[in-house]
2 protein chains.
Amino acid sequence: MGAAHDLLAARCPSRDVLNRVGARWVPTVLNALDAGPMRFTELKKAVEGVTAKALTETLRALEYDGIIDRVETPSVTPPRVDYSLTPLGRSLLEALNPVREWAERHVGDIAEARRRYELNSQAEAH
Amino acid sequence: MGAAHDLLAARCPSRDVLNRVGARWVPTVLNALDAGPMRFTELKKAVEGVTAKALTETLRALEYDGIIDRVETPSVTPPRVDYSLTPLGRSLLEALNPVREWAERHVGDIAEARRRYELNSQAEAH
DNA sequence: CCGGATCCAAGACGATACTG
DNA sequence: CAGTATCGTCTTGGATCCGG
């Protein structure tokens, strides 16, 4: 190992994917859709705190990359739009599993590191 | 499977980690440090396009979370500061491997999805 | 050499009002 | 219901100058 890491460099797919998947509302939206297809308003309720605008932008971006699918059922009053993960999106979620596990396992370590950092800052700024 | 995904929800470690790791310069910095410890200016050269300010902020954030280590060698003119991955940071990089592999494998699929999206947009806006 | 301080531009995001 | 339009704010990051 070691050589393959070059692909994480400046202009590479991994960086784009990480930036996209790390965007404000993306993780929560993906998680919500993992439970199954959802309509816009359902999604808005599931992703608490998001505004319609931010949600729309998030969904458009994910649709643009082929991560989610948007199906509009053309029936007047009321309109119906369903969002769901594509196979591509599903495979992405699987690739994200180790990150999720890492986060769960090390949430304590990070909190501890932050406490240490605070203490050191205080000590130096006496 | 299915139940464990709940941890990717609104207020959870995974989301924080994803947001942090998805920040603008983080992936490239981590990749650079994977090759070994580096001084500030080396890092600045390795991460092309970054400004001193953005790099400093990125490094502080990673140090704060215990992902990287900052060692200041107290010698006047010139100062010397070395950055390196902590064991925690190294384990994070490993967890990121599947994402990197996913990105490499599906970069073509994403490009194709984007082309399809453009075409559909054109077709509708005739 | 390693940044901190300051100013500024662009984009992300929220609040609100409105529409097919 | 599923957005769009508009506005204002807040954050990110670039540019530049300065200091230990």
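First the proteins, then the strands, lettered A, B, ... as listed; each starts at 1. None of the values given here were measured: they were computed from a predicted structure.
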Original post:
How close do A/Pro98 and B/Ala95 get, heavy atom to heavy atom, and via which atoms?
Top reply: CB-O, 3.6 Å

Subject >> From A/Leu92 atom CG to B/Asp109 atom CG, the distance as rounded to the nearest 0.5 Å >> reply: 11.5 Å

**OP:** Round to the nearest Å and state the distance from A/Leu55 atom CG to C/dC13 atom C1'.
**Re:** 13 Å

Original post:
Hey, does A/His106 have a side-chain heavy atom less than 4.5 Å from the side chain of A/Glu112?
Top reply: no

Original post:
At what distance, to the nearest 0.5 angstrom, does CD of A/Glu72 lie from CZ of A/Phe40?
Top reply: 12.5 Å

**OP:** For DNA chain D, produce a single dot-bracket line, 5' to 3'. Pairs: Watson-Crick or G-U wobble, both distances under 3.5 Å. Symbols: ( ) within strand, [ ] crossing, | other strand, . unpaired.
**Re:** ||||||||||||||||||||

Original post:
Atom OG in B/Ser91, atom CD1 in B/Ile67: separation rounded to 0.5 Å?
Top reply: 7.5 Å

Original post:
For DNA chain D, which nucleotides open and close the run of contacts to chain B, 5' to 3', at under 4.0 angstrom from a non-hydrogen atom?
Top reply: D/dG13 to D/dG20

**OP:** May I ask you to list the residues of residues 57-70 of chain B, by number, that have any heavy atom positioned under 4.0 Å from an atom of DNA chain C?
**Re:** B/Arg60, B/Arg70

Original post:
Is B/Glu118 salt-bridged to B/Arg114, going by a charged N under 4.0 Å from an acidic O?
Top reply: no

**OP:** Considering only Ile, Leu, Val, Met, Phe, Trp and Tyr, and joining two whenever side-chain heavy atoms are under 4.5 Å apart, list the other residues clustered with B/Tyr117.
**Re:** A/Tyr64

**OP:** Supply the atom-to-atom distance A/Leu59 CG to A/Met38 CE, rounded to the nearest 0.5 angstrom.
**Re:** 11.5 Å

Subject >> Along DNA chain D (nearest heavy atom to each residue), the more 5'-positioned of B/Ala23 and A/Ala52 >> reply: A/Ala52

Subject >> Spatial distance of atom SG (A/Cys12) from atom CG (B/Asn31) [nearest 0.5 Å] >> reply: 7.5 Å

Original post:
Listed by chain and number, what are the ring pair (Phe, Tyr, Trp, His ring centres under 6.0 Å) partners of A/Trp25, not counting sequence neighbours?
Top reply: none

Original post:
More 5' along DNA chain C: B/Tyr83 or A/Arg24, using each one's nearest nucleotide?
Top reply: B/Tyr83

All N/O contacts under 3.5 Å from nucleotides 6-10 of chain C to the protein, with atom names and distances to one decimal?
none

Original post:
In Å and rounded to the nearest 0.5 Å, what is the CZ to CG distance from A/Arg15 to B/Leu30?
Top reply: 12.0 Å

Original post:
CG of B/Asp82 versus C1' of C/dG3: gap in Å, rounded?
Top reply: 15 Å

Subject >> Value in whole Å for how far the P atom of C/dG20 lies from CD of A/Glu72 >> reply: 15 Å

Subject >> Side-chain N or O of B/Arg80 closer than 4.0 Å to phosphate OP1/OP2 of C/dC2 >> reply: no

Original post:
Backbone N or O of B/Val47 within a donor-acceptor pair of the B/Thr28 side chain at under 3.5 Å?
Top reply: no

Original post:
Any donor-acceptor pair under 3.5 Å linking the side chain of A/Arg24 with the backbone of A/Thr58?
Top reply: no

